[in-house]
Visitor: 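Take this structure first; my questions come after.
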Amino acid sequence: MKHSPLILALLTCSMILISCSENYETTESSETMATEAGSDMMPETGTDNMSKPETLITEVANPLLTESSLPLNYPQFDAIDESHYLPAFEQGMEQHLAEIDAIVSTQEPADFDNTIVALENSGQLLDRVSRVFFGMVSANTNDEIRAIQQNLAPRLAAHQDSILLNRDLFARIDALYQTRDTLELDNESYRLLEHYGRDFIRAGAALDPEQQEQMKAINAEIAVLQTEYSQNVLSEVNDLAIVVETREELVGLDESMIEAAAEEASGRGLDGQYVLPLLNTSGQPALASLQNRSLRERIHTTSLSRGSRGGDFDNREVLSKVLRLRAERARLLGYDNHADFILEDQTAQTVAAVNGRLAELAGPAAANARQEADDLQQMINESGEDFMLASWDWDFYTDKVRAARFDFDASQLRPYLELNNVLERGVFHAATELFGITFQERDDLPVYQEDVRVFEVFDANGETLALFIADFYARPSKRGGAWMNAYVSQSNLVGTSPVVGNHLNITKPPEGEATLLTFDEVTTMFHEFGHALHGIFSDVQYPYFSGTSVPRDFVEFPSQVNEMWATWPSVLENYALHYQTGEPMPMDLLEKVLESQVFNQGFATTEYLAASILDQALHQLAPEEVPQAADIMEFEAQALSEAGIALEEVPPRYRSTYFSHIMGGYSAGYYSYIWSEVMDADSVNWFEENGGLLRENGDHLRTTLLSRGGSEEAMNMYRNFRGRDAEIAPLLERRGLN
């Protein structure tokens, strides 16, 4: 991921969103994520026929046109409205092009400062408006924002191409790139020049004029289609929310969830009924609790039908077109397929390496899942039921097997997992113990939605380090999943400090009631804060390398490591307090939580690997091999079958028509979670071997890795931290695959 003002201005929103762990129910992560130069990084869709305002907002009236006067340039959310975005984008693009023209037209020969540093300083207005606007696209959208997004998509794609395909600009960069070993640059500057040279080539700067015109047309069409796909996903989620007629059908859900469903129904004008919103994953949280099997089936089949059921929001045709265009672009650039193009710039580097890792894990994972299915079927039989296990039964009977095997029900945990305790006595407490940082809530800073909270983050020396935005509740205006967003990124060159946000989708309880979490939601909160720490601790010179600006298959590593503190005994004991009595979670229940962490790993690994394999199958196709819309679902089934991971009871975590990751930076990159988890599991062993939650351990992680962003090669940073390359054995043990 690249975060320089230039590159972010080109690639816009997708690059500033980091997703959540794929092991947990709130995950959907990044529908709009991006890491590669090209239109996949642009806002995803649109038309160019939206009328412009008759009168542009003046500079005085538009808060996006000047730097915010709030602490750390925190966005002026209370002063920004929808009318400000389009004028700010237009002025930002105009200003950006003028800055590029100044670089190209100078009579001075190209040097590092007048070309590369100048590029790093360019596009700051466009960067500022992009971060706020695309943050709202994901966190608090509405019809007007969606219309602006559609309008901007092809225009921003064209803006991107006008710079990345600028032959005169590329000539200056390439002249420096070819002589980089003679320029006596420091390590970070040398790396920056290397990346700029490579990025422009990968974007098509070295193509001939006719090929560049082809590239522009492809990029523009992809930009439009990606937005259409992503907006269809959100529309399907809202359109297919499950309406339940009677309270009796909801037996099994806890009272707060039932009341929340009643409030959701009232908000939709369905008084007396109940509405269960869908998450973007295949599985849905309610399936673990609902006793009504027919309702479980309705929820699950509805969930799986999204984007492929026909109607206004069907994504099959959109997906087919995107896949073909990506394959055509890759061929134009000299690659066999889109996966080849993407993986060249990741730590994995090759299609063969990724296919090998996924194949290595798929067989044992599917075998474990089949064994778990047998256990669930036995539980069904012992319950006196007479049916074969189906996918909509898995979560429900998994909880029953867990209760029998570990003598506890997952619902017993919720009273001890109150949101504020988890955040302040868990997530923040672990960070204080490990890094010495502290947190203070700021009620004086504006927010974009009433449930959002803001915290000032202080370093161990008492100095302000960052601002942290906590946006935890689900709402119709918010996309599904969980992610980290950088509203302001750190850079010593530009003089900025981090403003980062974590965004989850926890069901908000009725007014006055406590927010009680599932353990998966707890782990997701720790995971996302691991991404936040990556942004908060950034200490780099150039915006390009700030925070999470690392290869996609490395970016999940710090966040996955941070999950370990959710179950670290001293941390768990500190936050797992009964929300009414304040009593700590009973020790025997706590021990059962820890013992059960390896439970159901066959299912978890299989559904994740199925989605990863599907992602690779879709993106390892030549243009002529891409299936037509009518054949997309058949292709999906065949790909999973050929990989030996097609289990009817365990559908992929995402099917291709609502697989939002692959419309952004996780295209051909969804394998990244398991790739990063190899390093994560090995790192957990390092912490255990070195005393665990100690300041010296946190300082070592911060110094060698978290503060470095993308300013060093990813695997070198890992070796600096761990002392050697990662070993796979800890992952195999964790996942039960050894």
Visitor: Between Ser559 and His531, is there a side-chain donor-acceptor contact under 3.5 Å, judged purely by atom types and distance?
Guide: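 There is such a pair between these side chains.
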Visitor: Checking the side chain of Asp101 only, and the main-chain atoms of Leu97 only, is there a donor and an acceptor separated by less than 3.5 Å?
Guide: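 Checking the backbone N and O of Leu97 against the side chain of Asp101, no donor-acceptor pair under 3.5 Å is found.
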Visitor: Please answer whether the main-chain N or O of Asn492 pairs with a side-chain N or O of Gln541 as donor and acceptor at a distance below 3.5 Å.
Guide: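 It does not hold such a pair.
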Visitor: Looking at Phe458 versus Phe439, is the centre-to-centre ring distance below 6.0 Å?
Guide: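 Ring centres of Phe439 and Phe458 not closer than 6.0 Å.
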Visitor: Would you say the side-chain atoms of Ser477 and Asn140 include a donor-acceptor pair closer than 3.5 Å?
Guide: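 Per modelled atom types, Ser477 and Asn140 side chains form a pair under 3.5 Å.
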Visitor: For Phe455, give me all partners under ring-ring contact (aromatic ring centres under 6.0 Å, His included), at least two apart in sequence or on another chain.
Guide: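 Scan of Phe455 (ring-ring contact (aromatic ring centres under 6.0 Å, His included), adjacent residues dropped) gives Phe428.
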Visitor: Within a strict 4.5 Å, meaning less than it, do heavy atoms of the Leu445 and Pro71 side chains meet?
Guide: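 Of all side-chain heavy-atom pairs linking Pro71 with Leu445, at least one is under 4.5 Å.
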Visitor: Restricting to ring-ring contact (aromatic ring centres under 6.0 Å, His included), what partner residues turn up for Tyr718, sequence neighbours left out?
Guide: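 Counting only residues at least two positions away or on another chain, Tyr718 forms a ring-ring contact (aromatic ring centres under 6.0 Å, His included) with Phe557.
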Visitor: Would the distance check show the side chain of Asn505 and the main-chain N or O of Arg479 forming a donor-acceptor pair, the cut-off being under 3.5 Å?
Guide: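 Yes: the side chain of Asn505 pairs with the backbone of Arg479.
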Visitor: Is a side-chain donor or acceptor of Arg702 paired with a backbone partner of Ser707 at a separation under 3.5 angstrom?
Guide: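 Side chain of Arg702 to backbone of Ser707: no pair is present.
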Visitor: Any side-chain heavy atom of Val488 within less than 4.5 Å of one from Leu72?
Guide: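 Answer no - side chains too far apart.
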Visitor: Output yes when a side-chain donor or acceptor of Arg708 lies under 3.5 Å from a complementary backbone atom of Gly547, and no otherwise.
Guide: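 No; zero donor-acceptor contacts below 3.5 Å.
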Visitor: For a quick check under 3.5 Å, do Tyr85 and Asn151 share a side-chain donor-acceptor pair by atom type?
Guide: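 Tyr85 vs Asn151: no donor-acceptor pair found between side chains.
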Visitor: Under the criterion ring pair (Phe, Tyr, Trp, His ring centres under 6.0 Å), I'd like the reasoning laid out for Trp565 against Phe687: C-alpha separation, chi angles, the key distance, then a yes or no.
Guide: CA-CA 11 Å; Trp565 309 119; Phe687 274 101; 5.3 Å; yes
Visitor: Cut-off 3.5 Å, side chains only: do Ser138 and Trp483 have a donor facing an acceptor?
Guide: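 On atom types as modelled, these side chains do not qualify, holding no pair under 3.5 Å.
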Visitor: Does the side chain of Met525 reach to within under 4.5 Å of the side chain of Leu504, using non-hydrogen atoms?
Guide: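 With C-beta onward as the side chain, the pair touches.
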Visitor: Does the Ser122 side chain pair with the main chain of His96, one donor and one acceptor, at a distance under 3.5 Å?
Guide: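 Flag not set: sc Ser122 to bb His96 has no pair under 3.5 Å.
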Visitor: Treating Asn574 as the side-chain partner and Arg425 as the backbone partner, does any N or O pair qualify as donor plus acceptor under 3.5 Å?
Guide: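 Yes; at least one donor-acceptor contact below 3.5 Å.
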Visitor: Do Thr115 and Tyr196 come close enough that some side-chain heavy atom pair is under 4.5 Å?
Guide: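 Contact flag for Thr115/Tyr196 side chains = no.
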Visitor: With a 4.5 Å cut-off on side-chain heavy atoms, are Ser549 and Tyr544 touching?
Guide: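 No; the side chains remain at least 4.5 Å from each other.
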Visitor: Are the side chains of Asp459 and Thr438 in contact, using a 4.5 Å heavy-atom criterion?
Guide: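 No, every pair of side-chain atoms sits at 4.5 Å or beyond.
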Visitor: Do Asp451 and Arg475 pass the salt bridge (charged side-chain N to carboxylate O under 4.0 Å, His left out) test, and can you show the C-alpha distance, the side-chain angles, and the key distance before you say yes or no?
Guide: CA-CA 10 Å; Asp451 296 324; Arg475 51 184 174 267; 5.1 Å; no
Visitor: Using a distance-only test with no angle check, is there a side-chain donor-acceptor pair under 3.5 angstrom linking Tyr473 and Thr515?
Guide: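 Their side chains do contain a donor-acceptor pair, which is all the 3.5 Å distance test asks for.
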Visitor: With side chains defined as the heavy atoms from C-beta onward, is the minimum distance between Ser189 and Tyr542 less than 4.5 Å?
Guide: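 Side-chain contact under 4.5 Å: yes.
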Visitor: Dump the intermediate steps for ring pair (Phe, Tyr, Trp, His ring centres under 6.0 Å) on Tyr177 and Phe200, then the final yes or no.
Guide: CA-CA 11 Å; Tyr177 180 75; Phe200 273 71; over 10 Å; no
Visitor: Under the side-chain hydrogen bond (donor to acceptor under 3.5 Å, both in side chains) rule, collect the residues that match up with Glu424, sequence neighbours excluded.
Guide: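 For Glu424 the side-chain hydrogen bond (donor to acceptor under 3.5 Å, both in side chains) partners, ignoring immediate neighbours, are Arg453.
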Visitor: Once side-chain hydrogen bond (donor to acceptor under 3.5 Å, both in side chains) is applied, do any residues pair with Tyr448, and if so which ones, sequence neighbours excluded?
Guide: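 side-chain hydrogen bond (donor to acceptor under 3.5 Å, both in side chains) list for Tyr448, sorted by chain: Asp471, His503.
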Visitor: Cation-pi check, Arg552 to Tyr666: give yes when NZ or CZ is under 6.0 Å from the six-membered ring centre and within 45° of the ring axis, no otherwise.
Guide: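 Flagged: Arg552 positioned over aromatic ring of Tyr666.
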Visitor: Counting only heavy atoms not in Asn187, do more than 12 sit closer than 6.0 Å to its CG atom?
Guide: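 Counting other residues, nucleotides and ligands, CG of Asn187 stays at 12 neighbours or fewer.
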Visitor: Please give me the minimum heavy-atom distance between Leu705 and Pro558, naming the atom from each residue.
Guide: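 In this case the closest contact between Leu705 and Pro558 is CD2-CG, 4.0 Å.
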Visitor: Side-chain contact, heavy-atom cut-off 4.5 Å: Leu156 with Met93?
Guide: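 A side-chain contact exists here, since the closest heavy-atom pair is under 4.5 Å.
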Visitor: Going by the rule ring-ring contact (aromatic ring centres under 6.0 Å, His included), which residues pair with Tyr74 if we only count those two or more places apart in sequence or in a different chain?
Guide: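 Partners of Tyr74 by the ring-ring contact (aromatic ring centres under 6.0 Å, His included) criterion, ordered by chain and then number, come out as Phe77.
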Visitor: Looking just at side-chain N and O atoms, do Asn562 and Glu528 make a donor-acceptor pair shorter than 3.5 Å?
Guide: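 There is no such pair between these side chains.
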Visitor: Apply salt bridge (charged side-chain N to carboxylate O under 4.0 Å, His left out) to the pair Arg191 and Glu713, showing each step before the final yes or no.
Guide: CA-CA 9 Å; Arg191 182 170 172 80; Glu713 196 274 324; over 6 Å; no
Visitor: Between Ser497 (side chain only) and Gln490 (backbone N and O only), is there a donor and an acceptor less than 3.5 Å apart?
Guide: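 The answer is no, because no donor-acceptor pair under 3.5 Å joins these two groups.
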Visitor: So, Asn697 and Asn690: side-chain donor and acceptor under 3.5 Å apart, yes or no?
Guide: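 Judged by distance alone, the side chains do not pair up.
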Visitor: Could you check whether any side-chain N or O of Ser672 sits under 3.5 Å from a backbone N or O of Gly669, counting only pairs where one atom can act as donor and the other as acceptor?
Guide: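 At least one qualifying donor-acceptor pair exists.
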Visitor: If the condition is ring-ring contact (aromatic ring centres under 6.0 Å, His included), which residues does Trp686 pass it with, not counting sequence neighbours?
Guide: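 Testing Trp686 for ring-ring contact (aromatic ring centres under 6.0 Å, His included), a comparison that skips the adjacent residues, returns His700, Phe721.
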